[in-house]
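Notes follow the structure.
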Amino acid sequence: MSPVVALTVAGSDSGGGAGLQADLHTFAAFGVHGTTAVTAVTVQNTVAVSAVHEIPPHLVGEQIRVVMEDLRPGAVKTGMLASAPIIQAISDAFRRHGIGRGGTIPLVLDPVCASMHGNPLLRPDALAELKAMFALATVVTPNLDETQLLVGTRDQRAAARALLELGPQYALVKGGHDSGPRSRDLLTDGSTELWLDAARIDTGNTHGSGDTLGAAITARLAGGDTLAEAAAVAKRYVTTAVATSYSVGAGHGPVGHPPAAEPVVRVEVPS
Ligand SMILES: Nc1ncnc2c1ncn2[C@@H]1O[C@H](COP(=O)(O)OP(=O)(O)OP(=O)(O)O)[C@@H](O)[C@H]1O
Ligand SMILES: Cc1ncc(CO)c(N)n1
């Protein structure tokens with residue numbers, strides 16, 4: 001039986017907590033075969049991002065092409081995209097391979113702009129290009145710092161409305177950076193509204209939580225879920241991930257990636 005496959009188009013985090021490393025851990029936890037198109041190599045640990053090396057745009061496009069032609073992922077996620085020329089190459093490849101709106105393969109677009117340390121992961125002059133790409137997305141998943149940058153507000157409802165005007169099918173506005181006893185994310189397509197709600201866990205070790213939520217949605221979409229189903233499962237998973245986070249290094253530790261309670265494919269260990 002061939003496995004369910006997902007693709008992440010993202011940057012590498014040398015510290016192993018976020019970026020494509022978190023995406024691959026998440027795909028594996030759901031029993032999904034993970035593939036990657038690397039956009040940038042970041043020199044990063046739990047304390048800071050100290051350098052970024054961008055991959056040439058045509059090579060990012062080529063990674064997408066060879067994965068699409070051979071492994072046929074059922075869903076695609078984007079994370080750190082780094083620069084406007086890289087975003088253009090990715091958008092072209094997505095249109096060519098039927099990824100996102102107008103195609104048949106769902107696209108989860110996490111508009112990563114900075115690390116949780118506050119270091120930039122997107123060139124400031126690439127913001128317009130990133131926003132233009134939203135029209136391709138099944139869902140965009142910004143945190144509150146990103147909504148402030150993209151649409152000028154940290155109010156979840158107002159941000160979702162403004163994001164939907166840019167053309168994605170759904171907006172999922174994450175509330176991890178809010179305060180209060182609950183960590184609430186808003187999922188809406190403009191006519192229905194779903195609040196994904198969980199207790200806020202008292203920890204500073206949330207590095208990679210956003211990537212993990214988006215990758216869990218992508219894994220479940222690859223397995224055939226609707227977006228609302230995928231988001232509900234992913235929220236339960238990221239809450240477990242934050243609950244199993246740990247301290248490593250001197251800064252923000254990563255979330256854990258335990259086997260998913262609601263996997264796409266249950267991994268059987270031969271006895
Ligand atoms: N302390 C916490 N307790 C429970 N859930 C949390 C906590 N922090 C974040 N979350 C959840 O984790 C997910 C990611 O949210 P967040 O807003 O932190 O994203 P992010 O900033 O993109 O993450 P990252 O740290 O990867 O950059 C959301 O579902 C959010 O509600
Ligand atoms: C490479 C990379 N992607 C995404 C994030 C945001 O979590 C990060 N810190 N590093």
Cluster partners of Y246, using ILVMFWY side-chain heavy atoms under 4.5 angstrom, listed by chain and number?
V248
Give a yes or no on whether the backbone of [Y] and the side-chain of [X] come within a donor-acceptor separation of less than 3.5 Å.
X: H25; Y: H257; result: no
X: T206; Y: S209; result: no
X: Q44; Y: G15; result: no

Show me, pair by pair, the donor-acceptor contacts under 3.5 angstrom made by side chains of residues 92-114, not counting sequence neighbours?
from: R101; atom 1: NH1; to: G167; atom 2: O; distance (Å): 2.9
from: D110; atom 1: OD1; to: T141; atom 2: OG1; distance (Å): 3.3
from: D110; atom 1: OD1; to: K174; atom 2: NZ; distance (Å): 3.4

For [X], give me all partners under side chain to side chain donor-acceptor pair (under 3.5 Å), at least two apart in sequence or on another chain.
X: Q21; result: S12
X: N205; result: S247
X: Q88; result: E129
X: E165; result: none

Please tabulate, for the side chains in residues 119-128, all donor-acceptor contacts under 3.5 angstrom to protein atoms that are two or more places apart in sequence or on a different chain.
from: N119; atom 1: OD1; to: V49; atom 2: N; distance (Å): 2.9
from: R123; atom 1: NE; to: E54; atom 2: OE2; distance (Å): 2.8
from: R123; atom 1: NH2; to: E54; atom 2: OE2; distance (Å): 3.3

Test item: [X] and [Y] side chains (from C-beta on) under 4.5 Å apart, heavy atoms:
X: V233; Y: I217; result: no
X: L196; Y: R184; result: no
X: T244; Y: V255; result: no

For the student: nearest non-hydrogen atoms of M133 and S91, plus distance
CG-OG, 3.6 Å
Is there a donor-acceptor contact under 3.5 Å linking the side chains of T26 and D23?
no
Tell me yes or no: between the side chains of T153 and D155, is some donor less than 3.5 Å from an acceptor?
no
Mind checking salt bridge (charged side-chain N to carboxylate O under 4.0 Å, His left out) for [X] and listing every partner two or more places apart, or none if nothing turns up?
X: R182; answer: D197
X: R236; answer: E262
X: E62; answer: R65

Residues D178, R154: salt bridge by 4.0 Å N-O rule:
no
Ring pair (Phe, Tyr, Trp, His ring centres under 6.0 Å) contacts touching residues 163-205 (sequence neighbours left out):
none
Strictly by ring pair (Phe, Tyr, Trp, His ring centres under 6.0 Å), give each pair with a member in residues 116-163 just once, sequence neighbours left out.
H117-H207
